[in-house]
Asks: 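Once you've had a glance at the structure underneath, I'll fire off some questions.
By convention in this document, chain letters (A, B, ...) are assigned in the order of the sequence lines, proteins followed by strands, and residues within each chain are numbered from 1. Because only heavy atoms are used, hydrogens play no part in the values below, and waters and symmetry mates are left out as well, while side chains stay in. Please read all numbers here as calculations on a predicted model, not as lab measurements.
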Amino acid sequence: MKVYNTMTRVKEEFTPLVAGQVSMYVCGVTPYDYSHIGHARSAIVFDVIRRYLTSRGFRVRTVRNYTDVDDKIIARANQEGVSAAEVGERYITAERRDMEALGVLPPDVAPRATEHIPDMVALIGRLVSRGVAYVVDGDVYFEIRRFPSYGRLSGKNLDELLAGARVEVDERKRDPRDFALWKAAKPGEPSWPSPWGPGRPGWHIECSAMSRRYLGETFDIHGGGTDLIFPHHECEIAQAEADTGTPFARYWLHNGMVNLGAEKMSKSLGNTLAIRELVKRVSPDALRVWMLGTHYRNQLEWSEERVREAAHALERLTRLVHDVQTFWSGAAAAGLPDALRPFRGRFESAMDDDFNTPQALGVLFELSRPLYGYGERASADPDARAAFVAGVEELVTLMRTLGLLGPGAELAGPPLEVARLVEARGEARVNRDWKRADQLRDEIQGLGWLVEDTPSGPRLTRKAGGAP
RNA sequence: GGCGGCGUAGCCAAGUGGCCAAGGCGGAGGUCUGCAAAACCUCUAUUCAGCGGUUCGAAUCCGCUCGCCGCCUCCA
C-alpha cells in the first residue's frame with residue numbers, strides 16, 4: 001500500500017510502526033461556528049482511509065481533536081455575552097451531529113484542548129527547561145532557530161519566511177517567527193494556572209500534547225487539510241520533536257480544499273455552506289460519492305448540481321442492493337462467479353495507490369454491469385440468481401468500505417401507504433386496466449417513489465434527486 | 001516574490017512511458033415493455049492547454065509559454 005507523504009513529497013510504501021496496527025491523528029475543528037463542507041471533506045476523507053485500513057486487517061486507532069480554546073471562540077462568546085465554554089460546547093455538539101449525519105464514524109478518542117491543559121503546561125515546561133522556549137511577561141514562545149528543521153514539512157526556507165513575514169511585529173519576541181506556546185491571560189478571558197502565571201495555550205500545542213497522550217511520541221498518520229501544513233503542523237512537529245527528540249508523525253496526509261466558485265471555502269471568507277444545511281438538501285451517500293469522485297489531494301469545487309449527478313450515479317449501485325432485498329432476500333448465495341472475482345482486487349489496487357477513490361468507484365460501476373445481467377436472468381435461472389445475490393453481497397462489502405450504505409443510507413422499505421398503492425396497481429395491471437394502473441403510478445410518484453415493472457415484479461425506489 | 005498543485009470529451013474525473021485514453025453525468029440509436037422506467041447492446045476525446053525537445057514509442061519525462069487555484073495570516 002502506498003500513501004503520499006507531504007513530508008517527503010512522494011508516495012511511500014505504508015508500513016505502520018507496529019505491525020497490524022495503525023495510529024492516526026486528524027486535526028478536528030475549532031468550535032466557534034457550524035462545520036461546513038470543507039470540514040465534511042476532511043472528515044469523510046479520513047473516515048474512508050480509516051475504513052479501508054480496517055478492511056485490510058489493520059487495527060486502527062483514531063483521534064480527532066477539538067481545539068476549544070481560541071481567540072475566535074472568545075470573541076464569539078464576548079459578542080454573545082456567554083462563556084467561551086458554552087460556545088465550545090454548542091458547536092462541538094453540533095459537529096458531532098453533523099458527523100453522524102454524514103456517516104462518519106466517531107473517532108476512538110475525541111479529546112478537547114480544555115481538558116488537557118495540564119498536559120500542555122507540562123510540555124511547555126519541558127520546552128522551556130530544554131532552552132527551546134522562553135518566557136516574556138507571562139507569555140511563552142517557541143524559539144524557531146532552536147529547531148533547525150522548522151519549515152521542512154511545508155518546504156519553507158526560514159530566511160524567506162522572515163523576509164516575507166506578515167506576522168505582527170512584537171518587540172518582545174526574540175524572532176518574529178517565534179510562535180506562542182502560552183498566552184498570558186487578559187481581562188475577561190478564560191485562563192488556567194501555570195508556572196508563568198494564568199493564561200491559555202497557544203494554537204498548536206494542543207495537538208502535540210493530545211496526540212502524545214493518546215498515541216504516543218511517534219505515531220503513524222497525521223492528517224488534516226492542506227491549509228494546516230503551515231504553520232500548524234510545522235509547529236506541532238517543532239514542539240513535539242524538540243521535546244522528545246524522536247520523530248513525531250511518520251506519514252503526513254493532507255486533503256485538498258473545497259472551493260466555492262474559484263475560491264477556497266473558509267469561515268474567515270464567509271463563503272461557507274454549513275453541513276447542517278447541506279444534509280437537508282442532499283443525501284449523505286450522494287455527498288460522499290461526489291467527494292470520492294475526486295482524489296482526496298485535489299481541490300474540489302462545490303456544486304450542488306455535481307452532487308445531484310453523483311446521487312443519480314449512486315442509484316445504479318443502490319438499485320442492485322434494493323433488488324436483492326426486494327426479490328431475493330431469502331435466496332441462497334453461491335460462491336462468487338469467476339467473472340466477478342477480479343473486481344475486489346481491482347478495487348484494492350486502486351485504494352492501495354494512495355486511496356484512489358475515483359478509480360475505486362469506477363471499479364464499482366464496472367462491477368454493476370455484469371450484476372445487472374445476472375439480475376435480469378435471476379427469476380428464470382437459479383444459477384444466475386445465486387450469482388446475482390453473491391455478486392451484490394460483494395458490491396455491498398466494497399461500498400461499505402467507502403462508508404456508503406451506512407445506517408444513514410436509505411435502505412428502508414416503502415411506507416405502508418405506498419405498498420398498498422403498488423398492490424392496487426398490480427391488480428389493475430392484471431385486469432389490464434392501464435388507465436388506472438398509470439394513475440396509481442402517478443400517485444406513488446407523488447409520494448416520492450418510483451415504480452418499475454421487472455420480470456420479477458414491481459421494483460420500488462426512491463425518486464432521484466439526492467434528497468434524504 | 002517564495003513554496004505547492006492543476007489544465008484530459010458538452011460537464012465532472014481517473015490514468016503519469018507502450019493492449020482500443022477508466023468511470024460517472026448528459027446526449028443519440030436499438031432490444032425489451034400495455035405504456036413507461038430500469039436494464040442490456042451500440043455510439044459519443046486519432047486525442048490529453050500551447051509550443052519545442054528526449055525516446056523506437058509520451059497525456060505520461062525535460063524546457064519554455066499561457067491560464068487557474070492553494071499556502072506563505074485565523075482556517076479542514
Asks: Check whether any side-chain nitrogen or oxygen of R177(A) sits under 4.0 Å from OP1 or OP2 of rC72(B), and answer yes or no.
Replies: no
Asks: Given side chains that start at C-beta, do those of L102(A) and M291(A) come closer than 4.5 Å, heavy atoms only?
Replies: no
Asks: Answer with base, sugar-phosphate or nothing: what part of the nucleic acid does G223(A) contact at a heavy-atom distance below 4.0 Å?
Replies: nothing
Asks: Starting at atom CG of D70(A), determine the distance to atom C1' of rC74(B), rounded to an integer number of angstrom.
Replies: 8 Å
Asks: So what does T454(A) hit on the nucleic acid, given a heavy-atom distance under 4.0 Å: a base, only sugar-phosphate, or nothing?
Replies: nothing
Asks: Less than 3.5 Å apart, any donor N or O on the side chain of Y52(A) or D352(A) sitting next to an acceptor on the other?
Replies: yes
Asks: Please confirm whether any donor atom in the side chain of R369(A) sits under 3.5 Å from an acceptor in the base of rA39(B), or the reverse.
Replies: no
Asks: Reckon N356(A) has a side-chain N or O less than 4.0 Å from the OP1 or OP2 of rG15(B)?
Replies: yes
Asks: Rounding to an integer number of angstrom, what distance separates rC62(B) and rG18(B) when you compare their P atoms?
Replies: 15 Å
Asks: Which class fits the ring pair F179(A) and H204(A): parallel under 30°, tilted 30 to 60°, perpendicular over 60°?
Replies: perpendicular
Asks: Given Watson-Crick or G-U pairs with both distances under 3.5 Å, what dot-bracket string fits RNA chain B, with | for other-strand pairs and [ ] for crossing?
Replies: ((((((((.[[[..)..(....]]]((((((.......))))))....[[[[[..)....]]]]])))))))....
Asks: Please classify the nucleic acid contact of G373(A) as base, sugar-phosphate, or nothing, using heavy-atom distances under 4.0 Å.
Replies: nothing
Asks: Between the base of rG34(B) and the ring of W434(A) - centre-to-centre under 5.5 Å, planes within under 30° - is that a stack?
Replies: yes
Asks: State whether the distance check finds a donor on one side and an acceptor on the other, under 3.5 Å, for side chain D453(A) versus base rC35(B).
Replies: yes
Asks: If you measure from the C1' atom in rC64(B) to the same atom in rG27(B), how many Å do you get, rounded?
Replies: 39 Å
Asks: Touch check for R425(A), heavy atoms < 4.0 angstrom, all strands: base, sugar-phosphate only, or nothing?
Replies: base
Asks: Please step through salt bridge (Lys or Arg N to Asp or Glu O under 4.0 Å) for the pair E12(A) and R250(A), ending with a clear verdict.
Replies: CA-CA 11 Å; E12(A) 294 178 31; R250(A) 304 174 64 239; over 6 Å; no
Asks: Looking only at side-chain atoms of P231(A), point me to the closest of rG15(B), rC74(B), rA38(B).
Replies: rC74(B)
Asks: Using residues 340-348 of chain A as the side-chain source, report each donor-acceptor pair under 3.5 Å to any protein atom, sequence neighbours left out, with the distance given to one decimal.
Replies:
| from | atom 1 | to | atom 2 | distance (Å) |
| --- | --- | --- | --- | --- |
| R341(A) | NH1 | D338(A) | OD1 | 2.6 |
| R341(A) | NH2 | L336(A) | O | 2.8 |
| R344(A) | NE | E394(A) | OE2 | 2.9 |
| R344(A) | NH2 | E394(A) | OE1 | 2.9 |
| R346(A) | NH2 | E366(A) | OE1 | 3.2 |
| R346(A) | NH2 | E366(A) | OE2 | 3.0 |
| E348(A) | OE1 | R56(A) | NH1 | 3.2 |

Asks: For rA28(B) versus rU60(B), give the span between their C1' atoms, rounded off to a whole number of Å.
Replies: 33 Å
Asks: Could you tell me whether the phosphate oxygens of rC35(B), OP1 or OP2, come under 4.0 Å of any side-chain nitrogen or oxygen in R432(A)?
Replies: no
Asks: Between the side chains of D323(A) and R319(A), is the shortest nitrogen-to-carboxylate-oxygen separation below 4.0 Å, so that they form an ion pair?
Replies: no
Asks: Just to be sure I understand the rule, does D71(A) reach a base, reach only the sugar-phosphate, or reach nothing, if contact means heavy atoms closer than 4.0 Å?
Replies: nothing
Asks: Could you tell me whether the side chains of H116(A) and Y214(A) share a donor-acceptor contact shorter than 3.5 Å?
Replies: yes
Asks: I want to check one thing: is the phosphate of rG24(B), taken as OP1 and OP2, less than 4.0 Å away from some side-chain N or O of R316(A)?
Replies: yes
Asks: Is there a side-chain polar atom (N or O) of H312(A) under 4.0 Å from OP1 or OP2 of rG26(B)?
Replies: yes
Asks: From the set rA22(B), rA37(B), rA38(B), return the single nucleotide nearest to any side-chain atom of R459(A).
Replies: rA38(B)
